[in-house]
Amino acid sequence: MRIRIVDAFTDRPFAGNPAGVLLLDAFPDDGLLQRVALEVNHAETAFAHRLPEGGDADWALRWFTPATEVALCGHATLATAHVLHTTGAHEGPVRFATRSGVLVATPDAADGSITLDFPTAPLTPAEAPAGLAEALGTEPRRVLDTGPDVGDLLVEVADEKTVRALAPDHKALAAHSTRGVIATARAEDPARGYDFVSRCFFPNVGIDEDPVTGSAHTALAPYWSERLGRTTLTGLQASPRSGLVRVEPRGDRTLLTGRAVTVIEGDLLAW
């Protein structure tokens with residue numbers, strides 16, 4: 001099996017969110033997929049294989065963290081589309097058959113970016129659970145549930161400085177959602193090239209902090225679009241690796257745009 005490590009939502013190596021990508025002839029048993037993902041040990045490893053022509057999708061795609069399979073992953077989808085296009089395995093828009101339906105990734109030859117067409121997360125206002133402020137390390141301003149596919153609590157906090165300074169209790173945070181918590185705030189200075197900031201903590205799937213999270217932006221996009229009164233925005237995920245996601249909510253779909261860089265290629269020799 002050929003393995004590639006791709007940094008997604010960045011245009012430079014060693015930034016953004018790294019994902020493993022394996023292009024296969026077919027999916028082996030789930031246990032092997034999970035063991036490979038644990039060995040790669042990035043937030044997600046993507047496994048894809050080509051589908052017969054004439055169907056609703058071109059490639060089947062699955063995503064695994066080191067601990068479990070997930071229903072939706074943005075950065076590993078971007079990474080997979082990047083590998084397909086840079087290796088010549090696929091040209092033009094690619095349709096992925098996934099647990100979250102058919103997802104389309106469209107390359108832009110002009111700037112090398114890729115735009116993902118993802119389902120918009122349904123946002124429902126929620127009460128802050130008891131203990132959330134203590135676990136997160138700050139008092140929430142607003143709390144919203146992001147629905148079953150994303151599985152997070154979206155938490156707006158006081159300001160960008162607060163987001164950047166968070167040092168949550170990950171064990172305590174795990175009690176408050178299916179996957180984790182998205183902490184966000186308006187950008188302190190939009191002239192820096194982004195409109196809002198976020199950090200994502202996912203202890204329930206084995207990821208204390210995810211570097212850049214495409215799926216979280218399917219919730220952040222409609223939230224900040226309504227708050228800021230614009231439909232095209234850029235989010236900065238302010239993790240130590242950092243990355244930018246351009247977003248455009250379109251009703252029940254959200255467009256996520258970013259770039260990617262392949263940093264490592266190798267072979268899995270034993271399994």
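Within a 6.0 Å radius of CG in Asp29, other residues, nucleotides and ligands contribute more than 12 heavy atoms.
Contact check for Arg179 versus Thr213: side-chain heavy atoms found under the 4.5 Å cut-off. Residues Leu51 and Asp58 fail the side-chain proximity criterion, which asks for heavy atoms closer than 4.5 Å. With a 4.5 Å cut-off on side-chain heavy atoms, His85 and Glu91 do not count as touching. Under the 4.5 Å side-chain criterion, counting only non-hydrogen atoms from C-beta, His75 is not in contact with Val212. Looking only at side-chain heavy atoms (C-beta outward), Leu144 and Thr124 stay at 4.5 Å or farther from each other. Contact of the Pro119 side chain with the Asp252 side chain is not registered, since no non-hydrogen atoms from C-beta on lie closer than 4.5 Å. Side-chain contact between Glu44 and Phe64: absent, with no pair of heavy atoms (C-beta onward) separated by less than 4.5 Å. Residues Ile5 and Val21 have side chains not in contact (no heavy-atom distance under 4.5 Å, counting atoms from C-beta outward).
The two atoms that bring Ala48 and Thr80 nearest to each other are CB-CG2, 4.1 Å, heavy atoms only. Residues Pro93 and Thr106 approach most closely at CB-OG1, 3.9 Å, considering heavy atoms. Scanning both residues, Thr231 and Ser225, for their nearest heavy atoms gives CA-OG, 3.8 Å. Across all non-hydrogen atoms, the minimal contact from Pro249 to Ala221 is CG-O, 3.9 Å. When every heavy atom of Val150 is checked against every heavy atom of Ser215, the shortest pair comes out as CG2-O, 3.9 Å. Residues Cys73 and Thr77 come closest through the heavy atom pair O-OG1, 2.5 Å.
The pair Arg164-Glu160 counts as a salt bridge, with a side-chain nitrogen and a carboxylate oxygen less than 4.0 angstrom apart.
Leu38 and Leu33 fall into different hydrophobic clusters, where Ile, Leu, Val, Met, Phe, Trp and Tyr residues are linked whenever their side-chain heavy atoms come under 4.5 Å apart, directly or through other members. Under a hydrophobic clustering in which Ile, Leu, Val, Met, Phe, Trp and Tyr are joined whenever their side-chain heavy atoms come within less than 4.5 Å, directly or via other members, Val247 and Leu228 fall into the same cluster. Follow the hydrophobic side-chain contacts under 4.5 Å out from Leu255 and you never reach Val94; the two are in separate clusters. Leu84 and Val263 fall into different hydrophobic clusters, where Ile, Leu, Val, Met, Phe, Trp and Tyr residues are linked whenever their side-chain heavy atoms come under 4.5 Å apart, directly or through other members. When the side chains of ILVMFWY residues are joined at heavy-atom separations under 4.5 Å, either directly or via intervening members, Leu24 and Ile3 end up in a single hydrophobic cluster.
Annotation: cation-pi pair Arg186/Phe196 absent, no NZ/CZ under 6.0 Å from the ring centroid and within 45° of its normal.
Among residues at least two apart or in separate chains, there is no ring-ring contact (aromatic ring centres under 6.0 Å, His included) pair with a member in residues 244-271.
The CZ atom of Arg2 sits 11.5 Å away from atom CG of Leu268, with the distance rounded to the nearest 0.5 Å. The CG atom of Leu103 sits 7.5 Å away from atom CG of Leu61, with the distance rounded to the nearest 0.5 Å. Note that CD of Glu265 is 8.5 Å distant from OG1 of Thr87, once rounded to the nearest 0.5 Å. Between the CZ atom of Phe14 and the CZ atom of Arg12 there is a distance of 10.5 Å, given to the nearest 0.5 Å. One finds the CG atom of Asp152 at 8.0 Å from the OG1 atom of Thr178 (value rounded to the nearest 0.5 Å). Atom-to-atom distance recorded for Asp108:CG and Ile114:CD1 is 10.0 Å, nearest 0.5 angstrom.
The backbone N or O of Thr65 lies less than 3.5 Å from a partner atom in the side chain of Gln34, making a donor-acceptor pair. Looking only at distances, no side-chain donor or acceptor of Ser242 sits under 3.5 Å from a matching main-chain atom of Ala238. A donor-acceptor pair is defined here as one N or O able to donate and one able to accept, closer than 3.5 Å; no such pair exists between the side chain of Asp267 and the backbone of Leu269. Listed for the Asn204 side chain is no donor-acceptor partner under 3.5 Å among the backbone atoms of Gly180. Listed for the Arg50 side chain is a donor-acceptor partner under 3.5 Å among the backbone atoms of Ala89. No donor-acceptor pair under 3.5 Å is formed between the side chain of Arg259 and the backbone N or O of Asp11.
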Trace of the side-chain contact (heavy atoms from CB on, under 4.5 Å) decision for Arg230 with Glu248 | CA-CA 9 Å; Arg230 291 189 286 116; Glu248 185 179 345; over 6 Å; no
Verdict with reasoning, Val36 to Leu22, per side-chain contact (heavy atoms from CB on, under 4.5 Å) = CA-CA 10 Å; Val36 172; Leu22 290 89; 4.2 Å; yes
Just do the side-chain contact (heavy atoms from CB on, under 4.5 Å) check on Glu209 and Phe202 with the steps written out, would you?
-> CA-CA 6 Å; Glu209 179 168 4; Phe202 303 143; over 6 Å; no
When you look at Arg199 and Asp210, which way does the salt bridge (Lys or Arg N to Asp or Glu O under 4.0 Å) test go after all the steps?
-> CA-CA 8 Å; Arg199 289 174 67 193; Asp210 197 36; over 6 Å; no
Step-by-step side-chain contact (heavy atoms from CB on, under 4.5 Å) determination, Thr115 to Leu256 | CA-CA 5 Å; Thr115 296; Leu256 311 172; over 6 Å; no
Apply ring-ring contact (aromatic ring centres under 6.0 Å, His included) to Phe47 and Phe27, showing your working.
-> CA-CA 8 Å; Phe47 302 89; Phe27 292 137; 7.4 Å; no
List the steps and the verdict of salt bridge (Lys or Arg N to Asp or Glu O under 4.0 Å) for Asp117 and Arg250.
-> CA-CA 10 Å; Asp117 184 334; Arg250 294 183 175 182; over 6 Å; no
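Remark: Ser198 pairs with Ile182, Thr184, His217, Leu220, Gln237 by the side chain to side chain contact (heavy atoms under 4.5 Å, CB included) rule, at least two apart or across chains. Here Thr262 pairs with His82 under the side chain to side chain donor-acceptor pair (under 3.5 Å) rule; sequence neighbours left out. Residues satisfying the ring pair (Phe, Tyr, Trp, His ring centres under 6.0 Å) test with Phe96, not counting sequence neighbours, are none. Phe118 pairs by the ring pair (Phe, Tyr, Trp, His ring centres under 6.0 Å) definition with nothing, not counting sequence neighbours.
Counting side-chain heavy-atom gaps under 4.5 Å among Ile, Leu, Val, Met, Phe, Trp and Tyr, the cluster of Leu136 also holds Leu132, Val143, Leu153, Val155, Val157, Val163, Leu166, Leu173, Val181, Tyr194, Val197, Phe201, Leu236, Leu244.
Between Thr98 and Trp63, the side chains place no donor N or O within less than 3.5 Å of an acceptor N or O (distance only, hydrogens not considered). Side chains of Thr120 and Thr254: a donor-acceptor N/O pair is present below 3.5 angstrom, by distance only. Looking only at atom types and distance, the side chain of Asn17 has no donor-acceptor partner in the side chain of Asp7 under 3.5 Å away.
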